[in-house]
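Counting from 1, the numbers follow the sequence of the chain as shown.
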Amino acid sequence: MKQIKCECGHVNPHGTIICESCGKVLDEKNEQPLLDMRYEGTARRSQTYKRTVIDKIWNFFSSVKVGVALIVITLVVSAIGTILPQEKHISLSVPAETFYAETYGTFGKIYYALGFHDLYGSLWYVLLIASIGVSLVICSLDRAVPLYRALKKQKANKHESFLKRQRLFAEMDVHNSDMTHSVKLFKERLIKKRYRIVEEDGNILAEKGRFSRWGPYVNHIGLIIVLIGIMFRAVPGFYVDEWLMIKEGETKAIPGTEKQYYLTNHQFIIETYDETDNAVFKEVLEENGTIVKNYQSNVTLYKASHSIPGEEAELTKMKDYEIRVNEPLTFDGFYIYQMTYKNEMKSMTFALTKKETNEIFGYVTIDLENPQREYDLENGYRVELLSYFPDFEFTNGTPTTKSPNPNNPAFAFKMITPENPEGETSFTSIQQTIEPFGDNEYKMTFQKVETIFYSGLSVKKDSTLWIIAIGGVIFLIGVTQGSFWFHRRIWLKVTDRHLYIAGHTNKNWFSFQREMKELIQGTALPQPIDQSKKT
């Protein structure tokens, strides 16, 4: 790229608008009455290199509009991801595709097809987050590096064209005038206002609040760290958000711990308020009925020893704990919260009964999780379980099950008795008995059902929080830095015949003009006017 040599002799990079040394406007075609001082007229890579594929990628991601669009898109899809529950947060008894289609209809089908059911762990969402990070890095480098170089090389002696095209500007004829006292008084006031003074051949540059210019880039650093923290959640071991349904008496490996920890659920307890708790509760109970006071899972935590794959791990007891709402079990960075529960049928008991006399010849208790094929009632009486439908329904006249969960059990029995050694077939569901081969002599009579509680526990671990917290703090520092401080500069140039005074700030022009009046007041210096009001 061809470099640009200013009349002052300084060689500027291609694309420079304002000479880095004297401030002369290098683009002669630039007829704007005021200079664009956002990046001090420095050459930015995105505006000078546009030929190669790398240049085009750089230019694409350096655009602020592209960065904002990526953030908006991410926010929108993140919001859509909260409309329906994520796959990992629900206990599925059927494939996720079927669950979303059956539960939420066409919307659920589209939701699943577009991948929103597992949005935050999907590859395209991670790539979207990564693209925001890339945009922030390139956008920052494209602007911050040239800006740093320009601000570092500032000189007090600026070209007249630079001063005349500042927003606050004034000039006066000083031929045969002595401005020494006024300039001295002006300098003293600048120092009192905490300006840093640079003098060069009688010219003055007063500056303060330069660090506020780096506020947006500090924001970017904070956001990049936050995004890195979010992306670390995809790395195994850094982030766990799992679900554990465990029934009373059961011991299960805790998901997300790579089978290092196990949990035994001894008992699930629901406690409700009664009239003796408080007079206030008495009134509420009379109006609304039962109010739950406590959901509690009494558990024991175990740590597994190393074992050969396929071999049952040896468990070492860590501690007993009562998990309540907002009182999680904590260990090794993991938190186990009490989230929900369900009460499910555990077993059903039937009696083999002779229909004519209602005489009972034995009882059959079916474990709904592990039913037996045959139940011997002795004395020649036997019951065979032909079919078991845990969640029974008729589909096209054929008995099927909607899920493996025992929500609506139904059974096909063969009842073998001394009178009927070939057996009689009966199909029994809740409140329904079908005898498919005509009237039977015997029937299976429902006696009782036993239920069992399942504790719904949420397993969480987040080792990325400290990264995200650091990023958040840095972001807020950048916001404070850029919001409450202002970069103000005042140039004073004195020649044999003229005196020029100009000022620029990156924000809060009203306050800057008021400060300028206080600095000028009582001196022979001209009061700068706001040239933006001329246009």
Side-chain angles (χ1 to χ4, degrees), residues 84-85 87 89-105 108-109 112 117 243-250 252 265 267-268 270 290 292 295 339-353 355 360 362-375 377 382-415 423-440 442-457:
L84 298 182
E87 179 184 2
H89 294 153
I90 50 181
S91 179
L92 294 177
S93 56
V94 294
E97 182 179 6
T98 305
F99 171 81
Y100 281 92
E102 290 183 351
T103 308
Y104 305 106
K109 196 173 182 179
Y112 177 85
H117 65 290
W243 188 254
L244 175 62
M245 287 298 293
I246 182 170
K247 65 183 178 182
E248 291 174 323
E250 189 177 24
K252 272 188 172 182
N265 181 15
Q267 186 182 17
F268 177 76
I270 299 178
T290 303
V292 175
Y295 295 103
M339 296 297 290
T340 185
Y341 74 97
K342 68 176 180 179
N343 192 8
E344 210 167 66
M345 286 184 277
K346 179 184 178 184
S347 65
M348 296 179 74
T349 301
F350 297 88
L352 178 62
T353 308
K355 293 168 65 177
I360 295 174
Y363 296 92
V364 172
T365 298
I366 301 174
D367 184 336
L368 298 179
E369 190 167 321
N370 296 299
Q372 300 177 30
R373 294 293 303 173
E374 184 176 315
Y375 298 85
L377 304 182
R382 195 155 49 87
V383 174
E384 293 181 7
L385 185 59
L386 301 178
S387 299
Y388 168 40
F389 304 93
D391 200 358
F392 164 72
E393 68 173 359
F394 271 118
T395 304
N396 299 324
T398 304
T400 59
T401 183
K402 292 187 288 185
S403 71
N405 302 322
N407 300 323
N408 182 27
F411 310 89
F413 295 108
K414 177 182 277 189
M415 301 168 290
E424 296 176 315
T425 302
S426 174
F427 186 85
T428 304
S429 63
I430 297 175
Q431 296 183 341
Q432 185 178 17
T433 299
I434 300 173
E435 297 176 351
F437 303 114
D439 288 342
N440 293 334
Y442 289 83
K443 66 178 180 180
M444 298 298 290
T445 309
F446 173 75
Q447 299 295 306
K448 64 179 180 178
V449 63
E450 290 186 15
T451 61
I452 189 170
F453 278 107
Y454 282 73
S455 293
L457 305 174

Side chain proximity check, Val364 to Met444, heavy atoms < 4.5 angstrom | yes
Do Phe389 and Pro409 have side-chain heavy atoms sitting under 4.5 Å apart?
-> no
For Asn405 and Asp391, does a side-chain donor sit closer than 3.5 Å to a side-chain acceptor?
-> no
Do Phe392 and Phe427 have side-chain heavy atoms sitting under 4.5 Å apart?
-> yes
Are Lys402 and Glu102 within salt-bridge range, i.e. N to O under 4.0 Å?
-> no
Can you find a pair of side-chain heavy atoms, one from Leu386 and one from Thr425, that are under 4.5 Å apart?
-> yes
Do Ser455 and Asn265 have side-chain atoms, one donor and one acceptor, less than 3.5 Å apart?
-> yes
For residues Lys247 and Phe453, determine if any side-chain heavy atom of one lies less than 4.5 Å from a side-chain heavy atom of the other.
-> no
Met245 to Gly456 - nearest heavy-atom pair and separation | SD-CA, 3.3 Å
Arg382/Glu374 ion pair, N-O < 4.0 Å = yes
Would you indicate whether Lys448, at its atom NZ, is surrounded by more than 12 heavy atoms from other residues, nucleotides or ligands within a distance under 6.0 Å?
-> no
Mutual orientation of the aromatic rings belonging to Phe411 and Phe350 [parallel < 30°, tilted 30-60°, perpendicular > 60°] = perpendicular
Under 4.5 Å between any side-chain heavy atoms of Tyr454 and Leu244, yes or no?
-> no
Should Tyr100 and Glu87 count as side-chain neighbours, where that means a heavy-atom distance under 4.5 Å?
-> yes
Where the side chain of Tyr388 meets the backbone of Leu368, is there a donor-acceptor pair that is under 3.5 Å apart?
-> yes
In plain terms, say whether Lys346 and Glu369 are close enough for a salt bridge, that is, a side-chain N and a carboxylate O under 4.0 Å apart.
-> no
Using only heavy-atom distances, determine whether the side chains of Thr349 and Thr365 contain a donor-acceptor pair under 3.5 Å.
-> yes
